[in-house]
Structures are given as C-alpha cells and as structure tokens.
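Please read the structure below before turning to the comments.
Letters A, B, ... are given to chains in the order of the sequence lines, protein chains preceding strands, and every chain is numbered from 1.
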Amino acid sequence: MLDIRIIRENTDKVVDALKKRGEDPGILDKILEIEKERRDLLRIVEEQRQQRNSISQQIGRLKKEGNDASHLLEEAKKISDAMVSNEESLRELEIKARQELLLIPNIPHDTTPAGRDENDNIEVRHWGDVPGFDFEPKNHWDIGEDLGILDFERAGKIAGARFVIYNGAGARLERALINFMLDLHTGEHGYREIMPPVLVNREAMTGTGQLPKFEEDLFKLDESDAKGYLLIPTAEVPVTNIHREEILAEKDLPIYYTAYTPCFRREAGSYGKDTRGLIRQHQFNKVELVKFAKPENSYDELESLTANAEEVLKRLGLPYRVVALCTGDIGFSAAKTYDLEVWFPAQAKYREISSCSNFEDFQARRADIRFKKEGKKGTEFVHTLNGSGLAVGRTLAAILENFQEKDGSVIIPAPLVPYMDAEKMSN
RNA sequence: GGAGAGGUGGCCGAGUGGUUGAAGGCAGCCGCCUGCUAAGCGGUUGUAGGGGUCAUACCCUACCCAGGGUUCGAAUCCCUGCCUCUCCGCCA
C-alpha cells in the first residue's frame with residue numbers, strides 16, 4: 001500500500017510508476033476523487049465534534065453545580081443530529097479509499113530496469129559452468145520415474161494433475177534439501193527458524209499483498225465462507241505477518257527469519273504450462289527467507305539476502321544466473337526483485353528457482369509493522385524483504401537433471417551426502 | 001463441543017455516565033542531591049489524522065480488544081464479533 005500522501009502530493013511520480021509497470025494510471029482518478037471528498041468531510045466532521053464536545057462539557061459543569069442546562073441540551077441535540085449522516089458518509093469514504101488504495105501496486109525502485117515483460121529483464125551475473133553431456137540428457141521427470149523416486153501417475157489418482165508422490169530416495173532427497181537449506185541459513189547466515197501456520201486468515205493475505213487482487217490464485221478451505229482459512233502460497237505470508245500491528249524496537253532490527261513450509265497455488269491461467277514434472281505443482285515445498293529492516297539499509301539487505309539464496313546453489317554446484325526483473329515484470333508488492341534461475345539441461349534453459357524482493361514499506365504499511373527510532377518522536381514503517389532459499393522441488397529437479405549419469409543414476413551433491421547417507425541414486 | 005472468567009498506556013493496576021489521554025506503582029528519560037552501590041527529591045515520557053509553521057511551538061479530532069447502538073456526553077450502559085485464561089469432554 002502506498003502512502004496516500006504520496007498519491008495526493010506526488011501524483012506525477014505515481015503515474016510514472018504505473019506507466020513503467022504497464023498499468024493504467026487512470027486507476028488513480030477514482031482514489032484522488034474519493035480522497036478529496038474524504039478530507040473535505042473530515043474537516044467538517046471534526047469541527048462539528050469540537051462544537052458538540054465543548055457544549056457537552058458545559059452541560060456537565062452546569063449539572064454538577066446544580067444549574068439548569070436545558071437550553072444547551074437542545075442545542076447539543078441539534079448538532080448531534082446533524083452529525084449523524086456526515087459521520088456515516090465519512091466512514092464509507094474511508095472504507096472506499098482504503099479499498100482503492102489496496103489495488104495500487106508498489107513504486108519500482110530507481111535501480112529496477114525499465115521494461116515491458118520478462119524479455120527486458122537484465123542478467124546481473126551468472127555462476128557455474130553449464131554441464132556438457134556425451135549423451136542426450138533426460139528430463140527430470142523421466143529420471144525420477146525411471147529411478148522410482150517420483151510418481152506423478154499415482155499422485156494424479158489420489159489428488160489430480162500437478163501433484164507428485166516422492167518415493168523412497170526421492171522423499172529423502174526432498175527432506176535432505178530442506179534440512180540442508182535450513183541448517184545453512186540458521187547456522188551460517190544468521191536466520192532464526194520459524195514453523196508458521198500454513199492456513200491463514202484474510203488479514204494476513206492482505207498484509208503481504210496477495211489479497212484483494214489475487215484471490216483466484218489461492219486455495220481456500222471453504223469457498224462459501226468469507227471468513228474461511230486460506231492456504232498459503234508462500235511462507236512470506238505467515239512469516240511477514242508475525243509482526244503485524246507491532247511497533248518494533250530499533251535495536252531489534254534487522255530481523256532475519258527462515259521457514260520451511262509447503263506452499264499451495266491454484267496456478268489459474270497457467271494451463272498448458274509446465275504440465276509435466278516438478279516445475280509447476282499445486283503443492284510444493286519451499287524454504288523462505290524473510291527480513292525486517294531499517295529503510296536506510298534495506299537495499300544492502302536485499303543484496304545479502306540474494307547472496308544467501310545463491311549460496312545454496314553454489315554449495316550444491318548448480319549453475320545459475322541472477323536476473324534483475326524489469327518494471328513490467330516485478331510483482332505487485334515489490335519495488336525491486338532479483339530472480340535466481342538455475343540451469344535445466346534437458347530444456348537447455350535457465351528456470352526460476354528463487355525470487356528475492358525488497359518491498360520497502362509497501363507491505364509494512366498494509367500490515368502496520370513499524371519501529372521506533374531511538375530518541376526520536378513517532379514511528380516509521382519497517383522495510384520487508386523476502387526470497388526463496390530455495391524452492392525445494394525445483395532444486396530437486398535441477399539436481400536430477402544436472403547430475404544425471406548415462407546409466408540413469410544421479411550423483412548426490414557433496415553437502416547432501418550426510419543427509420542422504422549415500423553418494424548416488426540408482427536402480 | 002459444554003460451563004465459567006476476562007480483555008485499560010512499555011509493564012502491573014485503579015476507574016461503572018461528565019474537563020479522564022485516563023489515579024497509583026514499576027520501567028524509561030532529564031535535572032538535583034549523595035565520597036562508590038543503593039536510596040531520596042523535582043520534572044517528564046503514547047499513537048494516528050487534520051490544521052498551522054521555513055522548521056519548532058501551538059490548536060483541533062480520534063483511539064481504554066474490534067464493530068455497531070443508547071445518550072447532549074461512554075473506558076464506564078446495551079448488542080455482535082474476535083482473542084485469552086480456567087474446568088469438563090474429545091484428540092495427534
């Protein structure tokens with residue numbers, strides 16, 4: 001959520017931001033109109049309240065002294081009656097203003113490259129050598145099925161399309177990756193491990209920006225119940241909302257959290273995309289990194305968070321590149337985003353495995369997460385950041401494809417050997 | 001699921017219709033005093049919105065879980081919701 005004052009006083013800047021994102025700046029017209037009405041009415045209402053309060057106080061004083069106050073009572077009643085409809089209109093305008101405000105995306109940071117779509121994203125750096133094969137590399141789903149460690153067919157029977165059963169060494173590899181990532185981030189990168197609810201309420205989803213605009217991407221427990229629980233599409237939601245409506249102490253910042261959770265996405269509108277394999281599932285595992293930072297160094301925090309996610313790929317020996325998303329491709333809530341893309345030999349393509357973003361105060365304003373500066377009056381909104389560290393299923397898929405052998409076996413990367421108690425997977 | 005109790009400032013806690021943003025205490029901050037520590041004395045300390053100012057000062061409005069209602073006036077009365085605690089039941 002943007003500061004309404006920026007929209008009011010710096011309209012040009014917001015219009016510019018919307019254009020860069022490829023959005024229609026016309027969405028501002030309505031909110032500016034509502035906002036003007038709201039402010040005009042607010043002044044009237046406050047004036048009326050002031051009058052009423054002062055008369056009421058006089059009444060109190062007179063009554064205490066045993067004097068007659070009937071003439072004032074009459075006057076007060078008149079004012080009070082006149083206020084009713086104004087107060088009601090004001091309430092409605094406040095609700096409407098917020099509804100509109102919640103639909104306006106974040107302003108991209110100056111360093112976010114301008115562009116229309118993913119073709120305008122900029123490669124920032126890459127790491128590792130793309131492996132060469134002296135045989136035709138197989139898809140990860142073929143490798144997994146041949147090894148008997150991934151079972152898409154039976155998952156379809158018990159759940160449907162876009163689900164998988166990890167079997168035997170597959171299940172263990174998934175678990176090994178989760179443990180490896182959590183151990184790395186808690187042990188070496190300074191994150192605190194969190195295990196949050198994976199069902200959340202609407203306020204939490206609104207706080208991080210999934211609602212109200214992206215309802216169709218979410219799974220709900222009870223479609224008919226407006227108050228029903230929603231399944232998280234990412235641990236970003238429950239973990240960022242840990243501090244909702246809190247005022248943090250400056251000395252406690254930055255806060256680093258990491259959490260493993262399953263994630264649930266409807267993938268509405270992606271029919272036909274990645275229909276096979278682990279890339280796009282309705283349920284998948286992810287280890288998430290979340291930071292609460294002070295505004296003045298949130299961009300340094302974004303760099304280090306991205307580096308923390310990259311470290312997972314480096315240790316596993318998976319070739320990847322880092323891409324700065326352009327203004328047309330960054331998410332609704334983000335000001336700047338780096339995607340980490342890992343190499344998939346069978347597709348001969350880099351595919352997204354992590355997305356690391358600085359949301360600045362956009363989520364903090366929605367979720368009301370502030371901090372108090374030492375020795376200063378008032379409060380400031382924190383900056384929130386998060387990134388996948390990493391998407392576990394995609395990491396497993398990348399391992400299968402990059403470390404496959406001609407005989408169909410797969411070499412287990414060294415850091416996972418202790419977790420797997422094995423050096424390779426074969427039939 | 002059944003029965004009961006309760007939600008007040010950073011914390012504890014008073015307040016049952018009228019200058020109460022809220023007694024008192026603790027903690028914090030500033031100053032005084034005291035040969036260390038401790039104690040003592042005085043002062044001060046919430047958040048948000050609007051107005052105002054170069055910026056302060058200052059003025060107004062709102063906020064005692066949330067949302068409604070009664071009333072000239074609500075922390076205080078009424079209704080609804082949420083949450084917490086205790087007991088019983090059930091349960092991984």
For A/Leu218, which of A/Met205, A/Arg266, A/Arg202 qualifies under side-chain contact (heavy atoms from CB on, under 4.5 Å)? A/Met205
Rounded to whole angstrom, note down the C1' distance from B/U71 over to B/U76. 13 Å
Does B/A3 have a Watson-Crick or wobble partner in any strand here, with both distances under 3.5 angstrom, and which is it? B/U86
Are the charged groups of A/Arg315 and A/Glu188 less than 4.0 angstrom apart, N to O? yes
Across all chains, not counting sequence neighbours, the side chain to side chain donor-acceptor pair (under 3.5 Å) partners of A/Asn179 are none
Please classify the nucleic acid contact of A/Lys78 as base, sugar-phosphate, or nothing, using heavy-atom distances under 4.0 Å. nothing
Nearest-Å distance, CG (A/Asp68) to C1' (B/C72)? 13 Å
Quote, to the nearest angstrom, the P distance that separates B/G15 from B/U53. 46 Å
How far does the C1' atom of B/G89 sit from the matching atom of B/U16, given to the nearest Å? 37 Å
Pairwise C1' distance, B/U19 and B/A75 [rounded to whole Å]: 16 Å
Taking the nucleotide of RNA chain B with the closest heavy atom to each, which residue, A/Ala76 or A/Arg39, is nearer the 5' end? A/Arg39
Would you mind reporting whether A/Glu118 and A/Val323 have side-chain heavy atoms less than 4.5 Å apart? no
Does B/C29 have a Watson-Crick or wobble mate here (both distances under 3.5 Å), and if so which one? B/G43
How close or far is atom P of B/G10 from atom CZ of A/Phe371, stated in whole angstroms? 18 Å
Base, backbone or nothing for each nucleotide of nucleotides 57-68 of chain B, written B, S, -, heavy atoms under 4.0 angstrom, 5' to 3'? ---BBS-----S
Do A/Glu360 and A/His383 come close enough that some side-chain heavy atom pair is under 4.5 Å? yes
Spacing between A/Arg98 atom CZ and B/A48 atom P, to the nearest angstrom: 16 Å
Expressed as a whole number of angstroms, how long is the span from A/Asp368:CG to B/A48:P? 9 Å
Complementary nucleotide of B/U61, counting Watson-Crick and G-U pairs under 3.5 Å: B/A48
Any strand: nucleotide that pairs with B/G73 via Watson-Crick or wobble, under 3.5 Å: none
What is the separation between atom CD on A/Glu380 and atom P on B/A48, rounded to the nearest whole Å? 11 Å
Counting only heavy atoms not in A/Glu87, do more than 12 sit closer than 6.0 Å to its CD atom? yes
Between atom CG in A/Leu62 and atom C1' in B/G73, what is the gap in whole Å? 13 Å
Given the C1' atoms of B/U86 and B/C30, what is the spacing between them in whole Å? 45 Å
Counterpart base for B/G9, defined by Watson-Crick or G-U wobble contacts under 3.5 Å: none
Watson-Crick or G-U wobble partner for B/G21, using a 3.5 Å limit on both distances? none
Integer angstrom distance from the C1' of B/G17 to that of B/G6: 22 Å
Whole angstrom is fine here: how far is it from NZ in A/Lys373 over to P in B/U47? 15 Å
Pairing partner of B/U34 (Watson-Crick or G-U wobble, both distances under 3.5 Å): none
Find the distance between CD (A/Gln363) and CG (A/Leu385) and round it off to the nearest 0.5 Å. 9.0 Å
Answer whether the closest heavy-atom distance between the side chains of A/Glu215 and A/Lys220 falls below 4.5 Å. yes
Salt-bridged, A/Arg116 to A/Asp120, with N to O below 4.0 Å? no
Could you work out which one of B/G50, B/U19, B/C72 sits closest to the side chain of A/Leu73? B/C72
On a whole-Å scale, what distance lies between the C1' atoms belonging to B/C54 and B/G81? 49 Å
If the P atom of B/C83 is compared with that of B/G43, how far apart are they to the nearest Å? 45 Å
OP1 or OP2 of B/U47 sitting under 4.0 Å from any side-chain N/O of A/Lys372? yes
Which nucleotide in the set B/G46, B/C72, B/G50 lies at the smallest distance from any side-chain heavy atom of A/Arg5? B/G50
Quick one about A/Lys291 and A/Ser304 (side-chain donor to acceptor, distance below 3.5 Å, no hydrogens or angles considered), yes or no? yes
Quick one: on RNA chain B, does A/Arg61 or A/Ile55 contact a more 5' nucleotide (nearest heavy atom)? A/Arg61
Using the side-chain heavy atoms of A/Arg8, tell me which of these nucleotides is nearest: B/C72, B/A48, B/G50. B/G50
Return the nearest nucleotide to the side chain of A/Ser80; candidates are B/G18, B/G73, B/G50. B/G73
Any strand counts, and the cut-off is 3.5 Å on both contacts for Watson-Crick or G-U wobble. Which nucleotide pairs with B/G67? B/C79
Please state how far atom CG in A/Leu248 lies from atom C1' in B/G10, giving the value in whole angstrom units. 14 Å
